[in-house]
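Hydrogens, waters and symmetry mates are skipped; everything else that's a heavy atom, side chains included, is used.
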Amino acid sequence: MVGQLYPWQFQAQRRPAWPLRLSEAYAALDAVRDTNGNIVCRPTLSADPVIRARFAGCQPLNIFLTGDAYTNQPGYDYATGTMSYDARIKHDAAALQFQGSPFELPGGPVDIVVGGEWRKQSLDLTSNSDPSRLDTAAERSEYFAGLRGVSSTSLFYWLTNVGQAQGSVTVKEAFGEINLPIVKDMPFLNSLELNGAGRITDYSTSGQVETWKVGLTWKPVQDILLRGTISRDIRAPTLFDLFAGDQSGIGLLTDPVSGQSGNVSTVSGGNRLLDPEKAKTRTFGFVLTPRFLPGFSLSADYFNLKIDGAIGTLDTTRIVQNCVANASAPECALITRPSPTAFPSLVRIAAANIARLETAGIDIDASYATRLGNGNFSARAYVSWLDKYVTQQSAAVPAYDSAGYGINNGPIARPKWRGTLNLNYVSDGGLTIFVSEQYTGPVKVDRANRTTIIPGRRRLRSGTPTSPSARRSRAGAAAWSRSSRSTICSTAIRRWWPPIFRV
């Protein structure tokens with residue numbers, strides 16, 4: 001029996017930044033001349049004493065300046081400010097676990113583990129730039145009183161802002177695991193083991209979910225191990241996924257309803273209705289450790305992973321397009337328009353369980369270690385082959401298989417083949433020589449259509465950057481300790497940037 005009580009853990013972050021305060025910015029941009037011919041902010045000349053007092057420190061902002069001249073002017077300091085927020089995360093946990101071997105099978109003792117755990121995580125984020133302070137028309141009207149040219153959808157800050165966030169999640173879990181050594185030391189049954197695990201988890205935000213795993217290992221002979229696993233796994237949304245405060249921003253939109261293109265105000269934040277992501281995983285493979293070649297090992301495993309209900313976020317364009325395609329789509333509730341045919345005044349962006357991911361491939365790992373001359377030599381090679389990497393942002397958009405492609409010239413490419421080779425030699429005299437070779441297979445770079453990847457017209461060749469290094473260590477006596485070690489190290493890296501060529 002094992003009991004554990006975890007003391008609470010505390011994390012805090014404070015991040016400064018410099019947001020554009022829209023009320024001050026509107027006042028600073030509204031520059032006029034006073035009766036003495038001085039350039040001043042128009043609100044400082046208001047007949048309303050409340051408005052004059054509020055903008056008494058206003059300095060005109062000249063947006064036609066560039067470089068340091070722009071950022072060093074008094075109007076820039078007035079229109080911007082120092083945004084800061086403090087995020088405090090608290091974690092409490094307690095666990096109880098029982099383990100033992102209550103009985104035996106022909107293959108050995110049966111190991112069982114059962115237990116339970118309780119956890120509570122909480123988030124408390126405070127900010128001096130919370131855009132939700134102006135999330136109603138009445139609040140905006142009061143805040144922007146006395147200013148000209150203010151959009152009806154203007155928020156408190158422009159791009160750099162963080163909304164306040166508070167929330168907590170309580171998790172209760174019960175789990176069990178068992179390992180069954182069914183048989184061993186028989187013809188074609190050197191060992192056969194079955195293992196399983198299960199877990200029931202209850203989240204205060206989304207309810208109960210079950211996960212499980214079943215695995216089998218079989219050694220027909222001592223040199224060969226066959227293995228397989230099937231499992232159902234989850235990934236719970238983070239505290240920020242659930243409770244992140246609203247942040248205001250802008251996005252580019254070509255609106256098919258109004259026929260207009262331009263910037264649209266956006267608000268993004270957490271979604272307390274998120275469920276855990278659910279995945280099904282299958283892996284099958286083998287391990288070879290031949291007795292006729294001591295120090296050598298070769299393993300290969302096939303994997304297949306499918307995630308449904310993955311947490312994803314649609315951009316403004318996709319939200320509007322989904323609503324246009326289906327007037328009853330849930331995305332329509334995220335769009336605010338002054339009139340049914342007007343350009344949107346606000347689009348809300350929130351994460352939801354709408355995405356899908358499916359990937360499959362083979363991982364190969366080979367290693368060898370032996371005595372070589374007056375030292376030890378080891379080599380290890382890792383090779384990965386990607387069969388597919390299918391992603392779908394939502395049910396309303398097509399699925400893309402990006403294995404072997406780089407989509408839309410983006411920074412992420414997924415070659416079919418990747419590999420790493422490490423060679424290491426350590427002499428008895430303290431000399432270490434290490435060489436690392438990495439291989440990245442070719443990818444096609446082009447656009448994608450609605451159902452599959454269009455065969456690329458450009459191709460990124462494979463590359464093999466090499467990183468050799470040498471180090472010499474010597475041991476000797478020292479007055480202040482029993483021994484000392486000096487090290488001389490030399491490293492050279494050969495970088496190779498693969499070219500793009502036509503195919």
Side-chain angles (χ1 to χ4, degrees), residues 107 177 179-197 212-233 279-307 357-370 372 376-391 401-405 412-425 434-444 461-467:
E177 186 170 352
N179 184 62
L180 301 168
I182 300 173
V183 70
K184 68 176 183 179
D185 299 330
M186 296 181 62
F188 297 104
L189 289 172
N190 185 262
S191 70
L192 179 64
E193 293 188 0
L194 178 67
N195 58 80
W212 52 265
K213 183 197 76 168
V214 177
L216 180 70
T217 60
W218 172 36
K219 293 184 72 173
V221 294
Q222 186 175 344
D223 309 53
I224 302 174
L225 170 69
L226 305 177
R227 58 191 179 189
T229 301
I230 301 176
S231 65
R232 183 180 190 263
D233 314 292
K280 292 184 179 179
T281 306
R282 294 176 294 158
T283 62
F284 307 97
F286 65 86
V287 180
L288 300 180
T289 53
R291 285 168 288 178
F292 64 84
L293 188 58
F296 177 78
S297 175
L298 172 66
S299 67
D301 292 279
Y302 167 82
F303 63 87
N304 185 294
L305 169 68
K306 183 178 180 180
I307 302 176
L357 168 65
E358 185 173 0
T359 183
I362 296 176
D363 291 332
I364 302 173
D365 191 354
S367 62
Y368 179 64
T370 187
L372 182 63
N376 296 313
F377 171 78
S378 63
R380 184 170 185 176
Y382 175 79
V383 178
S384 177
W385 175 69
L386 185 63
D387 177 42
K388 61 182 176 181
Y389 196 94
V390 180
T391 56
D401 184 358
S402 58
Y405 291 89
I412 299 177
R414 295 184 174 88
K416 287 276 191 177
W417 290 96
R418 293 177 183 265
T420 301
L421 173 64
N422 296 325
L423 304 177
N424 191 45
Y425 180 78
F434 178 78
V435 177
S436 179
E437 185 86 4
Q438 298 182 15
Y439 172 80
T440 300
V443 295
K444 294 180 180 179
R461 288 176 177 170
S462 59
T464 53
T466 305
S467 303

Taking all heavy atoms of [X] and all of [Y], pick out the closest pair and write down the distance.
| X | Y | value |
| --- | --- | --- |
| Ser436 | Thr420 | OG-CG2, 4.3 Å |
| Val443 | Pro415 | CG1-CA, 3.3 Å |
| Lys184 | Gly107 | CD-O, 3.5 Å |
| Glu177 | Ala197 | CG-CB, 4.0 Å |

Return the set of residues passing side chain to side chain donor-acceptor pair (under 3.5 Å) with Asn304 (not counting sequence neighbours), or none when no residue passes.
-> Tyr302
Phe303 and Thr281: CA distance, side-chain angles, deciding distance, side chain to side chain contact (heavy atoms under 4.5 Å, CB included) verdict | CA-CA 7 Å; Phe303 63 87; Thr281 306; 5.8 Å; no
Measuring from [X]:[atom1] to [Y]:[atom2], what's the distance to the nearest 0.5 Å?
| X | Y | atom1 | atom2 | answer |
| --- | --- | --- | --- | --- |
| Leu293 | Asp223 | CG | CG | 10.5 Å |
| Thr283 | Asp301 | OG1 | CG | 6.5 Å |
| Leu423 | Glu437 | CG | CD | 9.0 Å |

Sequence neighbours excluded, the answer for side chain to side chain contact (heavy atoms under 4.5 Å, CB included) partners of Leu372 is Phe377, Tyr425
Tell me, yes or no, whether the heavy-atom count around Lys306 atom NZ, taken from other residues, nucleotides or ligands under 6.0 Å, exceeds 12.
-> no
Sub-3.5 Å donor-acceptor pair from the side chain of Asp401 to the main-chain atoms of Tyr389, do we have one?
-> yes
Less than 3.5 Å apart, which donor and acceptor atoms pair up between the side chains of residues 379-387 and the rest of the protein, not counting sequence neighbours?
{"from": "Arg380", "atom 1": "NE", "to": "Asp365", "atom 2": "OD1", "distance (Å)": "3.0"}
{"from": "Arg380", "atom 1": "NE", "to": "Asp365", "atom 2": "OD2", "distance (Å)": "3.3"}
{"from": "Arg380", "atom 1": "NH2", "to": "Asp365", "atom 2": "OD2", "distance (Å)": "2.4"}
{"from": "Tyr382", "atom 1": "OH", "to": "Asp363", "atom 2": "OD1", "distance (Å)": "3.1"}
{"from": "Ser384", "atom 1": "OG", "to": "Asp363", "atom 2": "OD1", "distance (Å)": "3.1"}

Carefully, step by step, assess Val287 and Ser297 under the rule side chain to side chain contact (heavy atoms under 4.5 Å, CB included).
-> CA-CA 7 Å; Val287 180; Ser297 175; 4.1 Å; yes
